[in-house]
Structures are given as C-alpha cells and as structure tokens.
Asker: 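I am attaching a structure below and will ask some questions about it afterwards.
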Amino acid sequence: MITEFNDLKRKLLETEFNHLNDMQQKAVFTSKGHTLILAGAGSGKTTTVVNKIAYMIKYGNAYDPSSSLPKGVDENTLAYMRAFADGGMAPDDFIAEKIRHNPVKPYNILAFTFTNKAANEMKERIAAVAGAEAADMWIGTFHSICVKILRRNIDKFFGYNSNFVIYDTADAKTLVKTCIHQLGFNEKDYKPADVLGYIGSAKDKLMSPDDFLETADSYRLENIGRIFQLYQQKLREYNALDFDEIICLTVKLLTEYPDVREKLAGKFHYVLVDEYQDTNKAQYELISALASGHGNLCVVGDDDQSIYGWRGADIQNIIDFEDNYKNCTVIKLEQNYRSTSIILDAANEVIRNNTNRKDKKLWTSAPGGDKIALYERDDERDEANGIAADIEKLCLDEAQQYSDVAVLYRTHTQSRAIEDALIKNAIPYRIVGGLKFYDRKEIKDLVAYLKIIVNPADNISLKRIINVPKRGIGDSTVEKLEQLATEKGVSMLDAIADIDDGKTKTKLGSFYELYEKLKNFCSANLPSKAIDEIINELNLQEEYIKEGEIEAQTRMENLEELISVAAEYEEKDGITTVSEFLEYTTLMTDTDVTEEDDDNTVTLMTIHAAKGLEFTYVFLAGCEEEVFPKIVDEEDTESELEEERRLFYVALTRAKKKMTLSYANSRMMYGRTQYHFPSRFIDEIPARLVDKEVKEKAYTSGYSSSGFTMPDIYSKPSKPAQFKYNTMPKQSLKTDYKDKTSYSVGDKVSHVKFGVGTVAEVNASDAMTVLTIDFETCGRKNIVSKAVKPLE
DNA sequence: AATCAATGTTTTTTT
DNA sequence: AACATTGATT
C-alpha cells in the first residue's frame, strides 16, 4: 500500500507541477541539503523558485519516497487518488492534505534576493500559489534582512543603539573627508572616492581596519588604513552604518554571539539565495552562518551573468560551490523560453570565449528568428537618430508597442544623445536609474533633518543642514562646534549647549530650539506629517523663491512628492515612524519601485539595470572598444574583460525577438571627440547570425543641427522617482519655451518634423505632458510636450 | 558669511 | 561638456 501511495503521490505532484520542465521539477522537489541551481538566462528561474517555495509550504517533503504512510490514508483515499491520477488532474484540497508531510512553515524560510522589487514580486507570486501565510517568510535583500536582524541586536556593540541611521554613498564620502582632514591629510593626495573604494572593498572581504593595516605594504596604504580606522570609529560614534557595514556587522554579530547565531540558524530551516553569482565574501559568510543550523541551503544563479565584480561580488562563490559542498545537488536549467535561436547562438558563441565559467549551453525549441542587426554610425547623434528611426518604424509602421522596446547602453552618460533623438521623433520613453530622486539636494536636506531627529548623534546630517536654510552659521562656527564636541566626547548637537560666544550662541541656540520643536512633533506623528511640518516650519517655499523662482517650483514639487511617497508607504506597508521611513528610503533603489505597466513607453537603461528583464526588441548602443568593453586603464585584467563579456551576454539575452547593435566611429567623451574601433564582442558573434546594414545615410544630416535644437534640460527622472525635474534650466529664462504645463487647447505649436499644428488635447502626468496635436500636414498625433515649440 | 568666478575633476556599473 | 569644489571678492 505504501508503495502505491508513494507512486500516486509522485504522479499527482508531477501533475500539479507539469507546467515545469523536468529539470525545473527536479529543482522544485529537491529541498534537503545543499543545492546549486544553475539557471541560464530566460530559463524560467523565478517561476522555478516560486514553485519550489510554494511546494515546500504546501507539501513539505511529500515527494520524499521514503516517507511513511500518513495517518488517515485508507483504501478509499487511494481510490480517490487513483481517479485524479488517471484523469491527469492536479490534486484537490483533500488529497493535498493527505499527502502533506512535514509542511514547511513560511517563517522557517529565509530567502535573499538582489533587489527589493524582486523580493516583493516573489512574495506575491508565492502567496498566489501557497496562500496568504507566505507573508511570514523572511524575504528581502541582504541589506534589508540584515537591518532587520540588527535593529534587535545592535546594542550588543558598544556605541550603537537601535536608532542607527544608514549612510548612503554621499554621506559616507562626507565622513571620509572629515577623517582625511582630521588626520592632517589633504584631499588631493587621498581622494575621498578612492579611499572609500579601499574601505568598501575591504569590507566586502570582511576585513577590519586592523586587517587592512596588516596587509598594507606602502606608506600610502598605511595612511588609508588609518583613515579607515577613524572612519569606523566615527560611524560608531554617530550611530550610523554604511551599506557594507550593515552586512559586516551582522556577520560579526553572528560570529561573536553564538546564542544569536543559534537562534537564527535554528529558525531558518531553509535558506535560499537568488542571484548567487553576485554575492561577495561577507555575504557568503552570512549565508553560511544562517544556513548552519539545518544545512538546507539552495543557491540559484548563473555564473555567466555575474556582473558585479567591481563591487566585490566574487564569482568564485558560485563556481566553487560544488567543491565547497561535496554532496550538493547540481541542477542545470538550460532550456531558454525567451529568445530566438539566432539570439541564443550569438550569446552562446560570445560567452564561450570566457574561460572561468561553468560548462553549460542554452538551447531553445524555437528555431530561427531575425538576424542580429548591426549598424555603423558616424557619431553618437547619428547612432541615436538611427535607433529612433528604427523604433519609429517598428511602432508606427509595424504597430508594435513602445513598451516592447528597450535601448541599453554601458554607461548612463550615453542616454543623453538617445533622449534627444527620441524627443525629436516624439517617441515616449522613460529612463531607469541615472539621476536619483533621493540624491536631489532638497530631498537630501529634508532627509537629513529626519535623520538627525531620529538619531541625534548623526553629525554628518547635522553638518548638512545646520545652515540650511541659511541662518548665519558658517564654516568657522561649525568647526568650533565640531572641535568642542570631540573634546567633550558628545555629539555636535549636544555641544551647542557649551558654546558661550555671544552672537554665535544666539544663532545656535535658536537652531537648537527649532530642532527640539521639530523633534517633538516628528516623533509623535506619521512620516508624511513630519515632512510636511518640516517644510512649513523651515518656510522652505519662501527660502527657495529667494534663491530663484523657477527652481523653487520644482523643488517644492519634489518635496510634495516625498510626502506622497511617505503617505504611500504608510498606507501600503503600514509604516508609522520616521525611523521606518528612513530605512525604506535608504535601502530602496530606483529600480525597486514597481512600474505601472500601463504607460506605453520605450525603456532606456544601463545593462546592469536590465538584468532579469526581457524585451521583444532590444537596441544596444555604443558597441565600441573603450566604451564596451569599458577600458579603465592599461592594465585591465583578463578577469575584468570577462566581466565585460558577461555584461555583453546579459545584453544579448534580454532580447526576445530581435537584437540591434550599433557602434559609432566617433563619440564625444569627456568633452572631446574620440575615435573608436567596433567592439571586439561584435567579432565574436558568427557572421552568419548578423545582418550588417550598409550605411545608406547619416541620420544626422536630415534634421538636427539646422533646425531648432531642444534645450538640453529635460532629463526625465526615473520612474520611482515620479519626481519632477531636478532644477529648471537657466536657459528657459532666456528662451521663450513655455513651461511644460502651460499648453492649452487651441495653442499653435511647431514640431521639428511634423511642422505646424494646433493643440487639441492636453494630457499631463507626473512624468510628462502629452499633447494631442492636429498638424496641418499630417493630421492628428500624440506628441510629448517637450518635442514641440510654441508659436507666437 | 555669502557670492561669484576660476579651477579642477569627472564618467562604469549600485545595495 | 557638465559639474563640483576652491579661492577671491564683497
């Protein structure tokens, strides 16, 4: 009976998961021990992981053939199961209940994802399959999981308490500067960005300042080590953590406090890591510690898509996994469901040139497809115009959706030329990444107020806003205050009480009063209210107007947007305190915010940002030596080149139907024209897969330099942002262009391509204003307001 | 202390 | 070319 039960069980489960291929099913049914899932691009990785977790929650180890006959299973049950199995149907609730065996409680599952967005998506999808209790899982990025752990435990480390704030890279840089100065070095010899780089990579490797000093074999490195030491000391004094420290300190916690480790490792019966190829040493140690309790560790990744080596990711983590865990199960997902075989062949051929990789080869059952298009262009503007023309052809002539198109590039700076071309052709687009909302001055200032309110020890934030808006507290005063604080061993904020110089005392005193007032309000109110109060109390609107009318409006709009963001978190995620809000905002990146899918726009982004995404049509711009592969200096190592090649591989495998490559003979870089050869990666694609277009005409010649040119002011903010433009251009003072919101029905406008027309409809959204225009020559069209010029 | 012109620096990719 | 930082000037 047990044999038949197990057979039926197996059959039924295979039925339930029969939308997965054999390898995917194997991945789903393997939950014990160490497992490596090598998931190639487009191989259905996320679906597999979602089903794997759902399976654990629903059935536990039901698939384990050695399990004994569950209670309550009798001949009737078997008959019922037989009927389902013979009918080829998935088990119903009754059977599901019978074949459950040690179901896994969601709160015993820990899953790391690369982005918050991925975490949210996965959570939702698991809940859809396994039910609402899936919400009890711990799922998030390394940083958010670690912060969660640290909030409860950080006071074990002297100096820290649970109100700690997180420093972003800019804050960290400011802190490094302070340290450099305090040690009597200057910023020319020790560039803050460089020093921060050393500190960051040390932390990726879990190196302390002392470790760093031990290996320092030059005077310069020794000094950097001292800066590192001071930096760490100050972080602690300020009750602050940088991004890397979040991970390092958690590892330290788990290492130095066995009770904490045992508790957490005991809690997490199953540990799952997505994007394992992008983990670093510190994260590796973290994973090991957390999975040490039950030994059920499943890592998912693709060594060919490891593209974060520059930030410390160690590709050897995934390459050596099999060697490190001798008894592990290895499952390869090599069937690709995304791209045509032309695209896959090209990708396979390119990546074959890498030596440091796991053997595998993507394949698809879908044969053929369009060849890869390759264009040679004059310069970056010609290239951009060519891309715009192609997109126009696709979307106007062939009725494809703009949202099916992505333009990828190696570096953000390349987006400018492309934007210009898209605007000129009235193609709607959005940019992912680039200028970030939280990097804007007015936002950073406001957030600094929040930080200092939550954590009075945060001198970096205090220094940022002590004279914002201007209140006559200058550098010398701040220096004095800082010195005094160091002497007395208190925070700068507390040191205010010890200043006795008359004039300064008054100014600082009233600042302190203001601080107290804000603090009282903000600790008793919701974040959105708090932000609103600060804006009003500081009278920011008027302050901004003092500095310039035009900027004032956009700044205020950005601040309003911050209020809505806070309100949204409050409503959606149940955020109630300023502290929680800060955590969200610092750990959330632009790509994390879920897009509304309804906006039909072309997507522009870096290849890094495109990882994990797919588009029907993909354009890759700038396929030139020096640009891509990006050559930083002469002595670029082979491993760096391999990472560039993986990046190229990632770009190719984003495309479902058609891939278009282009390179420019010359390109403006660093303010000068540079000439490059076509990328070596182009040569690595077999010629039979490529259609090299003969250069018919330079797209630039038609319509750019002569006509009016768009003022280069409209950098569209990335979506999450939903934020307004950074600062309004000074140019718009001089020129006559109307503000984006100022069009109304009946206005006469001119378009560089379509000529003169009349506005028939105005559609303003957060991101852009779309005008419906009746053109004299070509009828009604929808045009982004930026692309037209008002007449009269 | 605040403002403005001159100078220097940057552009890889991001949690 | 665009931007941030520095130094000189008020």
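Letters go in sequence order (proteins before strands), and every chain restarts at 1.
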Asker: Just how far, in rounded Å, is P of B:dT15 from NE2 of A:H143?
Answerer: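 For the pair A:H143 NE2 and B:dT15 P, the rounded distance is 9 Å.
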Asker: With a 4.0 Å cutoff (strictly under), does any side-chain N or O of A:H608 reach OP1 or OP2 of B:dT15?
Answerer: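 Checking A:H608 against B:dT15: no side-chain N or O falls below 4.0 Å of OP1 or OP2.
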Asker: Could you walk me through whether A:E643 and A:K630 pass salt bridge (Lys or Arg N to Asp or Glu O under 4.0 Å), step by step?
Answerer: CA-CA 10 Å; A:E643 179 150 318; A:K630 179 94 194 137; over 6 Å; no
Asker: Side chain of A:T169: nearest nucleotide among B:dT15, B:dT13, C:dT6?
Answerer: B:dT15
Asker: With a 4.0 Å cut-off on heavy atoms, is A:M669 in touch with a base, just the backbone sugar-phosphate, or nothing at all?
Answerer: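 Touches nothing.
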Asker: Select base, sugar-phosphate, or nothing to describe what A:Y308 touches, counting heavy atoms under 4.0 Å on all strands.
Answerer: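 The residue A:Y308 makes sugar-phosphate contact but no base contact.
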Asker: Tell me: CD of A:Q283 to C1' of B:dT15, nearest whole Å?
Answerer: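 After rounding, the gap between these two atoms is 9 Å.
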Asker: B:dT15 C1' sits how many Å from A:D439 CG, rounded?
Answerer: 13 Å
Asker: When the distance from NZ of A:K611 to C1' of B:dT13 is rounded to whole Å, what number comes out?
Answerer: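 Atom-to-atom, A:K611 to B:dT13, this comes out as 11 Å.
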Asker: Is a side-chain N or O of A:R645 found less than 3.5 angstrom from the main chain of A:F681, in a donor-acceptor match?
Answerer: no
Asker: For A:F164, does the six-membered ring have the charged nitrogen or CZ of A:R151 within the cation-pi criterion, i.e. under 6.0 angstrom from the centroid and within 45° of the normal?
Answerer: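 That pair qualifies as a cation-pi contact.
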Asker: Kindly say whether A:A621 contributes a backbone atom to a donor-acceptor pair with the side chain of A:E383 at under 3.5 angstrom?
Answerer: no
Asker: Give the nucleotide from the list C:dA1, C:dT6, B:dT15 with an atom nearest to the side chain of A:M668.
Answerer: C:dA1
Asker: Closer than 3.5 angstrom, by distance alone: can the side chain of A:Q277 be matched with the main-chain N or O of A:D304 as a donor-acceptor pair?
Answerer: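 It does not hold such a pair.
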Asker: If you check the A:A609 side chain, which of B:dT11, B:dT15, B:dT14 turns out closest?
Answerer: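 Closest nucleotide to the A:A609 side chain: B:dT14.
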Asker: Return yes when atom CG of A:D189 has more than 12 non-hydrogen atoms of other residues, nucleotides or ligands closer than 6.0 Å, and no otherwise.
Answerer: yes
Asker: Does a side-chain N or O from A:T673 land closer than 4.0 Å to OP1 or OP2 of C:dA1, or not?
Answerer: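 It does not, given that no N or O in the side chain of A:T673 lies less than 4.0 Å from OP1 or OP2 of C:dA1.
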Asker: In this structure, how many angstroms lie between the P atom of C:dT6 and the CG atom of A:N186, rounded?
Answerer: 11 Å
Asker: Could you encode protein contacts along nucleotides 1-6 of chain B as a string, one character per nucleotide from 5' to 3', using B for base contact, S for sugar-phosphate-only contact and - for no contact, with a heavy-atom cut-off of under 4.0 Å?
Answerer: SSS---
Asker: So A:T413, base contact, sugar-phosphate only, or nothing? Heavy-atom distance under 4.0 Å.
Answerer: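 Touches a base.
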Asker: Mark yes or no for whether A:K281, through its side chain, and A:N317, through its backbone, hold a donor-acceptor pair below 3.5 Å.
Answerer: no
Asker: Can you work out whether A:D194 or A:H412 has the more 5'-proximal nearest nucleotide on DNA chain B?
Answerer: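 Checking each residue's closest nucleotide, the 5'-ward one belongs to A:D194.
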Asker: Find the distance A:D244:CG to B:dT15:C1' and express it as a whole number of Å.
Answerer: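 So the CG-C1' distance, A:D244 to B:dT15, works out to 8 Å.
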Asker: Does a side-chain N or O of A:K188 approach OP1 or OP2 of B:dG8 to a distance below 4.0 Å, or not?
Answerer: no
Asker: Tell me: CD of A:Q414 to P of B:dT10, nearest whole Å?
Answerer: 19 Å
Asker: Across the strands shown, which category fits A:K191 at heavy-atom distances under 4.0 angstrom: base, sugar-phosphate, nothing?
Answerer: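 Answer is sugar-phosphate: A:K191 comes under 4.0 Å of backbone atoms only.
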Asker: Roughly, in whole Å, what's the span from CH2 in A:W310 to C1' in B:dT13?
Answerer: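 Interatomic distance, CH2 of A:W310 to C1' of B:dT13: 4 Å.
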Asker: Indicate yes or no for a side-chain donor-acceptor contact from A:N455 to the backbone of A:K451 under 3.5 Å, with no hydrogens or angles considered.
Answerer: no
